[in-house]
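Presented below is the structure to which this report refers.
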Amino acid sequence: MPELPEVESVARTVRSLVRGKTILRCDVIHAIATKPQGPALLRRKAEGQRVEQVERRGKYLIFRLCAGCLVLHFKLDGQLVWFPNRNVAGHVDIALHFEDGALGFVDRRHFGRVLFHRRAEDVPGIAGMGVEPLSREFTPTVLAARLRKSRRPLKLFLLDQTRIAGLGNIYSSEALWRAGLSPRRRAHRVTHAESQRLHKEIVGVLRRALECCLHPAPDFRNPEWWFQGLEKILRVYGREGKSCRRCGGRVRRIDQGGRSTFWCPGCQH
DNA sequence: CCTGCTACCTGATGGC
DNA sequence: TGCCATCAGGTAGCAG
């Protein structure tokens with residue numbers, strides 16, 4: 001489910017829950033979540049280790065241990081649940097037990113993963129990952145340079161984690177709508193002024209979403225809670241057939257790379 | 001190198 | 001009600 005803002009808010013919130021604490025036990029309840037590694041490796045490497053730091057890179061959540069790190073990816077449906085007093089219940093794939101509670105990795109669809117690596121950069125997806133859009137490194141010049149090098153439609157360019165890290169299907173549609181750019185436009189054909197606009201809107205939509213994700217902060221104690229209420233900041237995603245909030249045109253849904261793109265042909269060119 | 005396509009999984013929803 | 005098709009906030013791996 002989550003894109004950059006959601007994972008960032010999870011990282012900040014779970015940090016205060018587990019940083020400095022020791023993983024007393026690691027239960028692998030559904031081994032698929034450790035593929036292509038095995039459950040034994042994760043258990044062996046995690047147990048007895050203290051969580052030194054919690055970080056995010058793109059949509060990955062990273063628990064830095066004394067030796068190595070746990071790398072989590074939620075894919076479409078993964079989430080975290082905190083069980084006070086270590087009373088783990090429900091559909092949990094992996095449970096990290098601490099002294100005062102257990103952190104469960106939950107993913108009914110089993111796309112998500114919890115992996116062990118010596119360094120986060122050893123994860124293939126992280127090794128080739130692009131610029132962090134909320135970092136100082138992400139300037140209009142950097143975006144323009146990367147756009148110039150790609151012939152792909154803008155929507156697919158924005159989804160490509162090797163160019164910009166952390167945008168997903170929702171915020172890429174939203175950023176393009178805000179910038180008034182068609183998702184079908186080829187990246188290398190975008191003008192200087194347009195790429196400036198796109199830069200501003202990528203940062204804008206992510207900041208806005210992050211604020212929204214932090215207020216109120218994630219509540220891992222409630223298994224029902226997982227980023228409800230974000231719809232209110234969405235201007236175009238999921239609005240097929242409805243009228244555009246800017247020009248009144250009809251919002252359309254098209255397929256790009258096997259995923260839905262929502263956009264308004266009336267004001268996105 | 002770049003790009004496009006499919007597999008990976010399960011559950012919810014809507015039409016007939 | 002049952003059945004089928006479609007959709008879902010993602011990425012790895014492979015083919016051309």
Side-chain angles (χ1 to χ4, degrees), chain A residues 1-10 29-37 56-61 71-80 90-94 105-115 117 120 122-130 133 146-177 183-184 186-188 202 205-206 208-210 212-213 218 223-241 252-263:
Chain A
M1 246 153 84
E3 304 182 24
L4 184 152
E6 289 84 355
V7 182
E8 177 64 24
S9 73
V10 166
I29 297 144
H30 202 138
I32 194 172
T34 68
K35 275 176 68 169
Q37 303 180 336
R56 177 194 59 76
R57 179 79 172 95
K59 299 171 198 167
Y60 289 85
L61 182 66
V71 180
L72 287 70
H73 200 298
F74 301 110
K75 291 286 175 81
L76 293 174
D77 284 348
Q79 68 178 96
L80 294 180
H91 297 92
V92 176
D93 284 358
I94 289 168
F105 181 85
V106 177
D107 184 1
R108 308 180 76 108
R109 203 168 161 188
H110 302 131
F111 275 12
R113 292 292 181 265
V114 179
L115 304 173
H117 281 277
D122 294 339
V123 179
I126 294 181
M129 190 164 276
R146 292 182 189 209
L147 284 168
R148 241 179 279 123
K149 283 189 250 173
S150 171
R151 316 181 72 78
R152 311 185 81 187
L154 279 177
K155 170 70 171 354
L156 296 179
F157 171 89
L158 293 180
L159 283 179
D160 185 345
Q161 304 295 300
T162 71
R163 285 154 168 140
I164 302 169
L167 283 169
N169 208 35
I170 290 186
Y171 299 126
S172 53
S173 275
E174 292 292 316
L176 289 169
W177 182 86
R184 293 170 154 154
R186 301 277 159 175
H188 68 117
I202 288 169
V205 76
L206 292 177
R208 175 98 205 280
L210 177 56
C212 199
C213 289
E224 308 301 311
W225 180 93
W226 193 255
F227 300 110
Q228 309 294 329
L230 277 179
E231 314 79 42
K232 66 176 182 283
I233 66 167
L234 305 182
R235 312 315 294 169
V236 71
Y237 186 87
R239 304 194 70 246
E240 180 183 19
R252 291 221 290 139
R253 178 164 70 92
I254 57 172
D255 186 284
Q256 288 187 293
R259 330 247 351 245
S260 289
T261 298
F262 296 88
W263 70 297

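None of the values given here were measured: they were computed from a predicted structure. Proteins get letters first, then strands, A, B, ... in listed order; numbering begins at 1 in each.
A:Q256 contributes a side-chain N or O that, together with a main-chain N or O of A:P183, makes up a donor-acceptor pair within less than 3.5 Å. For A:E3 (side chain) and A:I170 (main-chain N/O), a donor-acceptor pair under 3.5 Å exists by modelled atom type. Using a distance-only test at 3.5 Å, with no hydrogens or angles considered, no donor-acceptor pair links the side chain of A:R239 to the main chain of A:G241. No donor-acceptor distance shorter than 3.5 angstrom exists from the side chain of A:Q79 to the backbone of A:W226, with no hydrogens or angles considered. In this structure, the side chain of A:R113 engages the main chain of A:K35 through a donor-acceptor pair within 3.5 Å.
OP1 or OP2 of C:dG10 has at least one side-chain nitrogen or oxygen of A:R259 nearer than 4.0 Å. For the pair A:H73 and C:dT11, the criterion of a side-chain N or O lying under 4.0 Å from OP1 or OP2 is met. Look at A:Q161 and you'll find a side-chain N or O under 4.0 angstrom from OP1 or OP2 of C:dT11. Taking 4.0 angstrom as the limit, A:K59 places a side-chain polar atom (N or O) nearer than this to OP1 or OP2 of C:dG10. Taking side-chain N and O atoms only, A:K35 has a distance below 4.0 Å to OP1 or OP2 of B:dC9.
The nucleotide whose nearest atom lies closest to any side-chain atom of A:S260 is, among C:dT11, B:dC9, C:dC7, C:dC7. You'll find that the side chain of A:R253 is closest to C:dA8, out of C:dT11, B:dC9, C:dA8.
Ring orientation note: the planes of A:H30 and A:H110 are tilted relative to one another, at an angle of 30° to 60°.
The residue among A:Y60 and A:C213 whose nearest nucleotide of DNA chain C is located toward the 5' end is A:C213. The residue among A:D77 and A:G125 whose nearest nucleotide of DNA chain C is located toward the 5' end is A:D77.
Rounded to a whole angstrom, the distance from the P atom of B:dG11 to that of C:dT11 is 22 Å.
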Can you give me the dot-bracket string for DNA chain C, 5' to 3', counting Watson-Crick and G-U wobble pairs with both distances under 3.5 Å, using [ ] for crossing pairs and | for partners on another strand?
.|||||||.|||||||
Please determine whether side chain to side chain contact (heavy atoms under 4.5 Å, CB included) holds for the pair A:I29 and A:D93, giving the CA-CA distance in whole Å, both sets of side-chain angles, and the decisive distance to 0.1 Å.
CA-CA 5 Å; A:I29 297 144; A:D93 284 358; 5.9 Å; no
Yes or no on side chain to side chain contact (heavy atoms under 4.5 Å, CB included) for A:F105 and A:L72, after CA distance, side-chain angles and deciding distance?
CA-CA 9 Å; A:F105 181 85; A:L72 287 70; 3.9 Å; yes
For side chain to side chain contact (heavy atoms under 4.5 Å, CB included), just list the numbers for A:F74 and A:K59, CA-CA rounded to whole Å, side-chain angles, deciding distance to a tenth of an Å, and then say yes or no.
CA-CA 8 Å; A:F74 301 110; A:K59 299 171 198 167; over 6 Å; no
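When the P atom of C:dA12 is taken as reference, atom CG of A:L115 falls 10 Å away, rounded to whole Å. Nucleotide C:dT6 holds its C1' atom 12 Å from the CD atom of A:E240, rounded to whole Å.
Remark: ring of A:F111 overlaps the six-membered base ring of B:dC8 in a stacked fashion, centroids less than 5.5 Å apart, planes less than 30° apart.
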Can you name the atoms? Protein N/O to nucleotides 3-6 of chain B N/O, anything below 3.5 Å, with the distance.
from  : atom 1 : to     : atom 2 : distance (Å)
B:dT3 : OP1    : A:R151 : N      : 2.9
B:dT3 : OP2    : A:R163 : NH2    : 2.8
B:dG4 : OP2    : A:R152 : NE     : 3.3
B:dG4 : OP2    : A:R152 : NH2    : 3.4

What donor-acceptor contacts under 3.5 angstrom involve side-chain atoms of residues 146-160 of chain A, with partners at least two apart or in another chain?
from   : atom 1 : to     : atom 2 : distance (Å)
A:R146 : NH1    : A:R163 : O      : 2.9
A:S150 : OG     : A:R152 : N      : 3.2
A:K155 : NZ     : A:N169 : OD1    : 2.6
A:K155 : NZ     : A:S260 : O      : 3.4
A:K155 : NZ     : A:T261 : OG1    : 3.0
A:D160 : OD1    : A:T162 : N      : 2.9
A:D160 : OD1    : A:T162 : OG1    : 2.8
A:D160 : OD2    : A:T162 : OG1    : 3.4
A:D160 : OD2    : A:R163 : NH1    : 2.5

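A:F157 comes within 4.0 angstrom of no nucleic acid atom, judged by non-hydrogen atoms across all strands. A:L159 comes within 4.0 angstrom of nothing in the nucleic acid, heavy atoms only.
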